[in-house]
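Notes follow the structure.
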Amino acid sequence: MSEWTQHLPTAARIGTQHTAPAAPAARRAPRPWSPRSLALISWLAPLALVLVWELFARAGALSPQVLPAPSRVAQTAWQLVLQGQLISDLGVSLLRAATGFAIGGTIGFTLGTLVGFSRLAEALLDRSVQMVRAVPFLAMLPLVIVWFGVDEAGKIFLVSLGVMFPIYINTVLGIRQVDPKLVEVGRVNGLSTAALIRRIVLPGALPSILAGVRYALAVAWLALVIAETIATEAGIGFLAMDAREFLRTDVIVLTIVVYAAIGVASDAVARALERRLLSWHPNYAARGGR
């Protein structure tokens, strides 16, 4: 202590001493949400919407002819199940969608693989595919009826056409996005062209291809709704068209709910497929395929 500070008051001497600033209290990182909690939250919003819908309908704010209560729709669904009509029509629609998806998905993957690997195939095919992709479904309906009539072939054709494009585009994109360094490493290690495609290129393109599959599942049901507006005697679309003729709003709302439920189930299947096929991928392993 210097000589001049000895003559200062005690408080002044204390004030002249330098004290280290207190370290800020460490903040605890927020606890991440568990997958089970997130899954529960994802269902709370639609359930709350249904509850509000039911309350408004019971209070008389919604006319039954405009939007019937969810309980009324559930009663109608149970009656149609007991009659066997809902299960039968659902089976017909599922068969159409599955057949169209298999045909369109196979064609889209095949064309996408050819274009992804070959610039010559891209020059020959890609422009024509993109031109057909730009044509709306509704514009195709008259021509489909002329080609196939009102039989099942026309409906399956429209579903196949809608499914083909997402899988085609995502397959090409996935193949083109594979890291060239990985391909070069495979060649250095003596892999043949077939082994290179099987072990490096296609696994690298798989995330993009599966994203195309998820999108194609949604498009398949959109195409099926349009296809089932053609003269038909079975299917969910037929159930909706028949209900429109008799002003059965409850049946129309039921068909919309059925389409939504099938879409959610299809997406869940696609997510499960991603988790299984992409378990090696660090991003999908960390996020559980989401």
Side-chain angles (χ1 to χ4, degrees), residues 76-77 80-81 83-112 125 128-171 209 212-270 273:
T76 302
L80 292 176
V81 168
Q83 295 171 6
Q85 184 177 2
L86 182 59
I87 302 301
S88 174
D89 288 335
L90 179 60
V92 171
S93 292
L94 286 173
L95 181 60
R96 289 170 181 160
T99 305
F101 186 88
I103 296 173
T106 301
I107 295 173
F109 178 75
T110 303
L111 294 179
L125 299 173
S128 299
V129 171
Q130 298 299 337
M131 290 172 64
V132 176
R133 185 175 70 90
V135 179
F137 285 116
L138 292 176
M140 294 287 293
L141 273 179
L143 190 59
V144 169
I145 294 174
V146 171
W147 284 351
F148 302 101
V150 295
D151 294 334
E152 293 297 305
K155 302 173 182 60
I156 294 174
F157 173 80
L158 282 176
V159 176
S160 302
L161 191 66
V163 166
M164 182 184 73
F165 299 119
I167 295 181
Y168 165 80
I169 292 173
N170 281 272
T171 300
I209 295 173
V213 169
R214 288 182 63 183
Y215 182 62
L217 285 169
V219 175
W221 288 105
L222 173 63
L224 184 63
V225 171
I226 297 174
E228 289 186 337
T229 60
I230 305 173
T232 183
E233 297 180 355
I236 299 299
F238 164 76
L239 193 62
M241 294 299 103
D242 187 62
R244 183 194 63 181
E245 297 296 328
F246 296 97
L247 300 179
R248 292 289 306 277
T249 314
D250 53 342
V251 178
I252 296 174
V253 173
L254 173 62
T255 59
I256 295 173
V257 172
V258 169
Y259 280 126
I262 293 174
V264 171
S266 301
D267 190 69
V269 171
L273 193 63

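Excluded from the calculations below are hydrogen atoms, water molecules and symmetry mates; all remaining heavy atoms, backbone and side chain alike, are included.
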Sequence neighbours excluded and cut-off under 3.5 Å, please list the side-chain donor-acceptor pairs for residues 103-111, or say none.
from: Thr106; atom 1: OG1; to: Ala102; atom 2: O; distance (Å): 2.7
from: Thr110; atom 1: OG1; to: Thr106; atom 2: O; distance (Å): 2.8

Interatomic spacing from CZ in Arg214 to CG in Leu273 - rounded to 0.5 Å: 11.0 Å
Please report the interatomic distance CG(Asp89) to CG(Leu94), rounded to the nearest 0.5 Å. 11.0 Å
Under 3.5 Å donor-acceptor, Thr171 side chain and Gly112 backbone: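 Absent.
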With distance as the sole test, does Thr99 use its side chain to make a donor-acceptor pair with the main-chain N or O of Leu95 at under 3.5 Å? yes
Determine, stepwise, if the pair Asn170 / Tyr215 fulfils side-chain contact (heavy atoms from CB on, under 4.5 Å). CA-CA 10 Å; Asn170 281 272; Tyr215 182 62; 5.5 Å; no
Run the numbers on Leu90 and Ile262 for side-chain contact (heavy atoms from CB on, under 4.5 Å), then give the verdict. CA-CA 10 Å; Leu90 179 60; Ile262 293 174; 3.3 Å; yes
Any idea which heavy atoms bring [X] and [Y] closest together, and the distance?
X: Val219; Y: Gly162; result: CG1-O, 3.3 Å
X: Ala240; Y: Thr255; result: CB-OG1, 3.6 Å
X: Leu224; Y: Ser93; result: CD2-O, 3.5 Å
X: Gly212; Y: Ile167; result: O-CG1, 4.0 Å
X: Ala216; Y: Phe101; result: CB-CE1, 3.9 Å
X: Tyr259; Y: Gly237; result: OH-N, 3.2 Å

Between Leu86 and Leu239, does a side-chain contact (heavy atoms from CB on, under 4.5 Å) hold up when you go through it step by step? CA-CA 8 Å; Leu86 182 59; Leu239 193 62; 4.1 Å; yes
Which residue pairs pass the salt bridge (charged side-chain N to carboxylate O under 4.0 Å, His left out) test with at least one member in residues 93-110, sequence neighbours excluded?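 Sorted result for residues 93-110: Arg96-Glu152, Arg96-Glu228.
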With sequence neighbours excluded, what pairs up with Asp250 under the side chain to side chain donor-acceptor pair (under 3.5 Å) test? Thr76, Arg248
Contact between Val92 and Ile236 at the side-chain level, heavy atoms closer than 4.5 Å - yes or no? no
With heavy-atom distances below 4.5 Å as the criterion, would you say the side chains of Arg244 and Val251 are in contact?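 Answer no - side chains too far apart.
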Over 60° means perpendicular and under 30° means parallel, so tell me whether Phe148 and Phe157 are parallel, tilted or perpendicular. tilted
